[in-house]
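Working notes, beginning with the structure itself.
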Amino acid sequence: MAIHVYNTLTRLKEPLVTREDKKVAMYVCGVTPYDYPHLGNARPAVAFDIIRRYLEYRDYTVLYVTNFTDIDDKIIKRAHEQNADWRELTERFIGIYFEEMDALNVKRASVYPRATDNIAEIISLVEALEEKGYTYTAQGDVYFEVGKFDRYGELSNRNLEEQEAGARVEVNEIKRDPRDFALWKAAKPGEPSWVSPWGPGRPGWHIECSAMALKFLGAGFDIHGGGPDLIFPHHENEIAQSEAAMGPGHMFARYWLHNGFVTINKEKMSKSLGNFFTVHDIMARYPAPVVRYLLTAGHYRSPLDFSDQALDQAQAAFERLQLGVLNIARVIAGPERVIDRPEQSAALRKAVDGAETDFQIAMDDDFNTPQATAVLFTLVGEANKLMGDPAFIPDAAALTALSDARAKIVALADILGLDLTPPAAEDTLVPGLMTLLIDLRKQARAEKNFALADAVRTRLLELNVVLEDTPQGTVWRRK
RNA sequence: GGCGACAUGGCCGAGCGGUUAGGCAGAGGUCUGCAAAACCUCGUAGUCCGGUUCAACUCCGGAUGUCGCCUCCA
């Protein structure tokens with residue numbers, strides 16, 4: 001069964017045929033580090049992290065490259081506003097980006113190239129384009145002449161003649177054609193710059209991704225990903241300049257994948273609209289795994305409308321998975337009964353045995369995480385049903401099935417980057433104290449001193465410790 | 001104006017031409033001293049109008065609506 005992905009370039013779901021057998025080379029456009037990342041930045045990071053993890057699970061070796069655009073107009077402007085050094089600004093926000101993506105359990109990419117570390121490659125690429133006659137210079141800037149690349153518009157499916165009518169056209173007297181874009185920008189006084197054949201300046205935005213993708217992944221790499229607002233013009237320009245430079249017969253990237261927008265009240269979350277929430281602020285109110293779960297609960301290509309209600313629902317759903325694993329752990333840590341009741345665990349056994357196949361069917365189909373997570377809930381449900389049966393007898397078959405179920409739930413969740421492993425073992429004093437409190441409460445209850453018993457439970461709850469009275473005795477967990 | 005996406009039960013959100021998605025919330029019940037957790041039962045959805053078909057939420061056409069790209073933006 002082959003993995004199928006939706007390719008923006010063909011507008012079709014296609015089987016993933018990699019350039020090299022069992023290897024995937026992928027490039028995902030990263031961030032411009034001049035501010036705190038917002039949820040719209042986190043979405044592609046998580047979406048492509050899931051894709052990367054799933055491909056690795058399917059035995060692909062993944063070379064994953066995500067860039068930092070660490071020099072551009074916004075950075076220069078922000079540094080100027082804050083009277084700060086632009087390098088210190090980008091360093092700071094790159095650090096913050098890593099911290100927050102780590103919290104969201106985004107695996108580190110193989111390489112995080114920065115534009116400013118790849119100036120030589122960028123200049124070479126512009127030179128190649130210059131030699132082939134795709135460029136012109138004007139007032140120190142170097143522009144790519146879009147009209148000379150006849151496949152321009154293929155990715156974003158736009159015919160440029162047709163949109164002239166009502167299009168908002170950039171006011172730029174320098175450019176020969178409004179569609180043309182800067183490959184190299186001449187430095188204005190006081191701006192950071194690098195020496196180049198065209199004088200001191202800095203790279204245009206689009207060229208850095210081409211240069212770095214080709215440097216680290218080579219021509220015809222497998223997957224190029226990013227947000228949907230990059231389809232045009234950024235990715236269109238990447239294709240044009242890369243394929244123009246390489247010449248006929250060379251493809252830049254084979255599959256183009258784009259995630260859906262995060263929206264607020266159905267409107268795109270964006271800095272310019274001012275309706276954005278930073279990952280930092282959201283994680284102050286909800287646990288990071290809940291935020292990750294929210295991003296996993298919908299399909300990566302669908303819009304995700306963000307709200308507190310959505311977070312609350314995500315939290316409740318995620319806790320159901322967490323508690324399921326915890327409940328199983330308690331039962332399998334308990335005693336085994338040497339009575340054979342194989343039929344009671346037959347349904348769970350069946351669910352466990354079919355789970356991985358169902359998970360793969362879902363994920364093979366363009367990474368259908370909503371369908372994949374349903375597999376996890378089915379396993380939790382079957383396990384709960386078994387353990388919750390008043391006639392449940394923990395025989396060998398049941399304990400094995402439960403143990404397998406737990407392992408399967410945790411393993412499949414891990415492929416989605418959802419960590420369901422119970423919190424690390426406490427130091428020895430805490431469990432001892434908890435046993436002491438539970439014993440004292442048990443005594444109070446035996447004496448019908450429910451006020452005292454409830455006070456113990458209430459005050460522990462204030463410490464975020466939940467007591468639950470089960471038929472097997474009282475258990476506790478952190479909230 | 002050009003191009004495109006989407007429209008599912010109170011909310012979120014999938015698959016599928018005829019057979020249970022899943023989650024959240026709600027109601028009733030089981031268990032409990034009371035809770036919590038868990039389980040059981042319950043709503044029986046598919047914007048509208050046509051068409052194809054023995055059969056459509058699922059395919060086709062149209063309408064309506066929402067959103068997006070066309071400008072830096074994930």
Side-chain angles (χ1 to χ4, degrees), chain A residues 8 11 28-32 37-45 47-48 72-74 77 153 156-171 178-179 205 225-234 236 258-263 266-273 276 293-294 297-299 301-305 307 309-310 312-321 323-324 326-327 358 361-362 365 368-378 380-381 383-390 392 445-446 448-450 453-454 457-458 461 466-471 474-475 477:
Chain A
T8 306
R11 290 173 286 282
V28 178
C29 287
V31 295
T32 302
H38 64 258
L39 243 208
N41 297 306
R43 165 97 117 147
F48 289 101
D72 92 323
D73 293 345
K74 294 187 291 293
K77 182 163 175 265
S156 53
N157 190 33
R158 55 194 74 207
N159 176 327
L160 290 151
E161 286 81 59
E162 285 175 2
Q163 49 174 305
E164 300 270 333
R168 290 168 284 186
V169 177
E170 192 178 335
V171 180
R179 303 174 294 175
W205 174 35
D229 43 1
L230 300 183
I231 296 171
F232 188 88
H234 184 56
E236 195 71 70
H258 296 93
N259 58 273
F261 281 123
V262 177
T263 60
K266 309 286 182 191
E267 277 193 334
K268 177 186 175 183
M269 178 186 288
S270 75
K271 295 218 165 157
S272 49
L273 287 173
F276 62 93
Y293 178 83
L294 176 64
H299 186 90
R301 282 195 287 115
S302 299
L304 173 70
D305 202 44
S307 64
Q309 191 196 12
D312 290 340
Q313 289 191 6
Q315 180 151 32
F318 185 67
E319 283 176 357
R320 181 170 165 81
L321 293 177
L323 286 172
L326 192 63
N327 289 339
D358 289 346
I361 288 169
D365 183 15
N368 191 330
T369 53
Q371 205 180 325
T373 50
V375 174
L376 303 182
F377 284 104
T378 300
V380 168
N384 281 336
K385 198 182 293 188
L386 174 62
M387 297 184 296
D389 186 337
F392 173 59
R445 293 173 73 203
K448 307 257 188 232
N449 186 351
F450 296 121
D454 288 350
R457 190 171 61 199
T458 304
L461 189 59
V466 181
L467 288 191
E468 292 172 2
D469 296 321
T470 74
T474 303
V475 296
R477 63 180 163 88

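In this text the structure is predicted, and so the values were computed from the model without any measurement. Each chain gets a letter, A, B and so on, in the order the sequences are listed, and its residues count up from 1.
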Given G13(B), is OP1 or OP2 found less than 4.0 Å from the side-chain N or O atoms of Thr369(A)?
-> no
Please measure how far the C1' atom in U47(B) lies from the corresponding atom in U8(B), and state the result in whole Å.
-> 10 Å
Whole-Å C1' distance, G46(B) and G65(B) = 16 Å
Measure from the side chain of Asn41(A), starting at C-beta and using heavy atoms only, and say which of A74(B), A36(B), C40(B) lies closest.
-> A74(B)
Could you check whether His258(A) gets within reach of a base, just the sugar-phosphate, or nothing at all, counting any heavy atom under 4.0 Å?
-> nothing
Between A74(B) (C1') and Leu273(A) (CG): distance, integer Å = 14 Å
Of the candidates A37(B), A35(B), C39(B), the side chain of Arg457(A) sits closest to A35(B)
So which heavy atom on Ala310(A) is nearest to which on Asp305(A), and how close?
-> CB-O, 3.9 Å
Would you kindly give the CG-to-C1' distance between Asp305(A) and A5(B), to the nearest whole Å?
-> 15 Å
What distance, rounded to whole Å, do you find between the two P atoms, one in U41(B) and one in G22(B)?
-> 11 Å
In whole angstroms, the gap separating P of A7(B) from CZ of Arg301(A) amounts to 12 Å
Side chain of His299(A): nearest nucleotide among C69(B), A14(B), A74(B)?
-> A14(B)
Minimum heavy-atom separation for Pro370(A) to Gly298(A), with atom names?
-> CG-C, 3.6 Å
Nearest heavy-atom approach of Leu326(A) to Arg477(A) is CD2-CD, 3.4 Å
Does the side chain of Thr263(A) reach to within under 4.5 Å of the side chain of Leu304(A), using non-hydrogen atoms?
-> no
How many Å lie between CG on Leu304(A) and C1' on G68(B), as a whole number?
-> 15 Å
Main-chain N/O of Gln371(A) paired to Asn368(A) side chain as donor or acceptor, under 3.5 Å = yes
Taking protein heavy atoms under 4.0 Å as touching, what does nucleotides 22-29 of chain B look like 5' to 3' if B marks base contact, S marks sugar-phosphate-only contact and - marks none?
-> SBB-----
Have a look at Asp389(A) and say if it touches a base, only the backbone sugar-phosphate, or nothing, with a 4.0 Å heavy-atom cut-off.
-> nothing
Taking atom P in both G23(B) and A14(B), compute the distance separating them and give it to the nearest angstrom.
-> 15 Å
What class does the angle between the rings of Tyr293(A) and Phe377(A) fall in, given that below 30° is parallel, 30 to 60° is tilted and above 60° is perpendicular?
-> perpendicular
For the pair made of NZ in Lys266(A) and C1' in C11(B), what is the distance, rounded to whole Å?
-> 10 Å
Secondary-structure stems for RNA chain B, with pairs counted as Watson-Crick or G-U when both distances are under 3.5 Å and runs at least 3 long | B:1-7 with B:64-70, B:10-12 with B:22-24, B:26-30 with B:38-42, B:47-51 with B:59-63
So what does Val475(A) hit on the nucleic acid, given a heavy-atom distance under 4.0 Å: a base, only sugar-phosphate, or nothing?
-> nothing
Whole-Å distance between A35(B) P and Asp469(A) CG?
-> 12 Å
For Asp365(A), which contact category applies under a 4.0 Å heavy-atom criterion: base, sugar-phosphate, or nothing?
-> nothing
G43(B) and G28(B): how far apart are their C1' atoms, nearest whole angstrom?
-> 13 Å
Closest heavy-atom pair, Leu467(A) versus Arg457(A), reported as atoms and distance to 0.1 Å, is CB-CG, 4.0 Å
Determine whether Arg445(A) and Asp469(A) make a side-chain contact, defined as any pair of heavy atoms from C-beta on separated by less than 4.5 Å.
-> yes
Given G15(B), G68(B), U66(B), the nucleotide with the shortest approach to the side chain of Lys268(A) | G68(B)
Which one, A74(B), C70(B), A14(B), comes nearest to the side chain of Asn368(A)?
-> A14(B)
Using a cut-off of less than 4.0 Å, is there contact between a side-chain N or O of Asn157(A) and OP1 or OP2 of C3(B)?
-> no
Nearest-angstrom distance, C1' atom, G51(B) to G13(B) | 30 Å
Please report, rounded to the nearest Å, how far the C1' atom of U32(B) is from the NZ atom of Lys448(A).
-> 12 Å
Atom pair distance, as rounded to whole Å: CD1 in Ile361(A) and P in C16(B) | 11 Å
For Thr470(A) and for Gln309(A), locate the closest nucleotide of RNA chain B by heavy-atom distance; then report the residue assigned to the nucleotide nearer the 5' terminus.
-> Gln309(A)
Minimum heavy-atom distance between Glu236(A) and Ser156(A), given as atom pair plus value = OE1-OG, 2.5 Å
With nearest nucleotides of RNA chain B determined for Glu319(A) and Lys74(A) from heavy-atom distances, which residue corresponds to the more 5′ nucleotide?
-> Glu319(A)
Using the P atom on both, measure A21(B) against C16(B) and round to a whole Å.
-> 14 Å
Select base, sugar-phosphate, or nothing to describe what Leu323(A) touches, counting heavy atoms under 4.0 Å on all strands.
-> sugar-phosphate
Between the protein and nucleotides 46-48 of chain B, which nitrogen or oxygen pairs are less than 3.5 angstrom apart?
none

Can you tell which of G33(B), A74(B), G68(B) lies closest to the side chain of Asp229(A)?
-> A74(B)
When we call it a touch if two heavy atoms are under 4.0 Å apart, what does Leu467(A) touch: a base, just sugar-phosphate, or nothing?
-> base
Give one of base, sugar-phosphate or nothing for Gly40(A), where a contact means two heavy atoms less than 4.0 Å apart.
-> base
Interatomic distance, OG1@Thr8(A) vs CZ@Phe232(A), rounded to 0.5 Å, equals 15.0 Å
Sidechain-backbone polar pair: Thr369(A) side chain, Ala372(A) backbone, donor-acceptor under 3.5 Å = no
NZ/Lys271(A): more than 12 non-hydrogen atoms of other groups inside 6.0 Å = yes
Measure the CG-CE distance between Asn327(A) and Met387(A) for me, rounded to the nearest 0.5 Å.
-> 5.0 Å
Nearest to side-chain heavy atoms of Arg445(A), which nucleotide of A37(B), C39(B), G33(B) = G33(B)
For C42(B) and A35(B), measure between their C1' atoms and round to the nearest Å.
-> 24 Å
What is the nucleic acid contact for Gly324(A), judged by heavy atoms within less than 4.0 Å: base, sugar-phosphate only, or nothing?
-> nothing
What heavy-atom pair brings Met269(A) and Gly40(A) nearest, and what distance separates the two atoms?
-> SD-N, 3.8 Å
If you measure from NE2 on His299(A) to CG on Asn259(A), what distance do you get to the nearest 0.5 Å?
-> 10.0 Å
Within the structure, does a side-chain N or O atom of Asn327(A) lie under 4.0 Å from either OP1 or OP2 of A38(B)?
-> no
Could you check whether Met387(A) gets within reach of a base, just the sugar-phosphate, or nothing at all, counting any heavy atom under 4.0 Å?
-> nothing
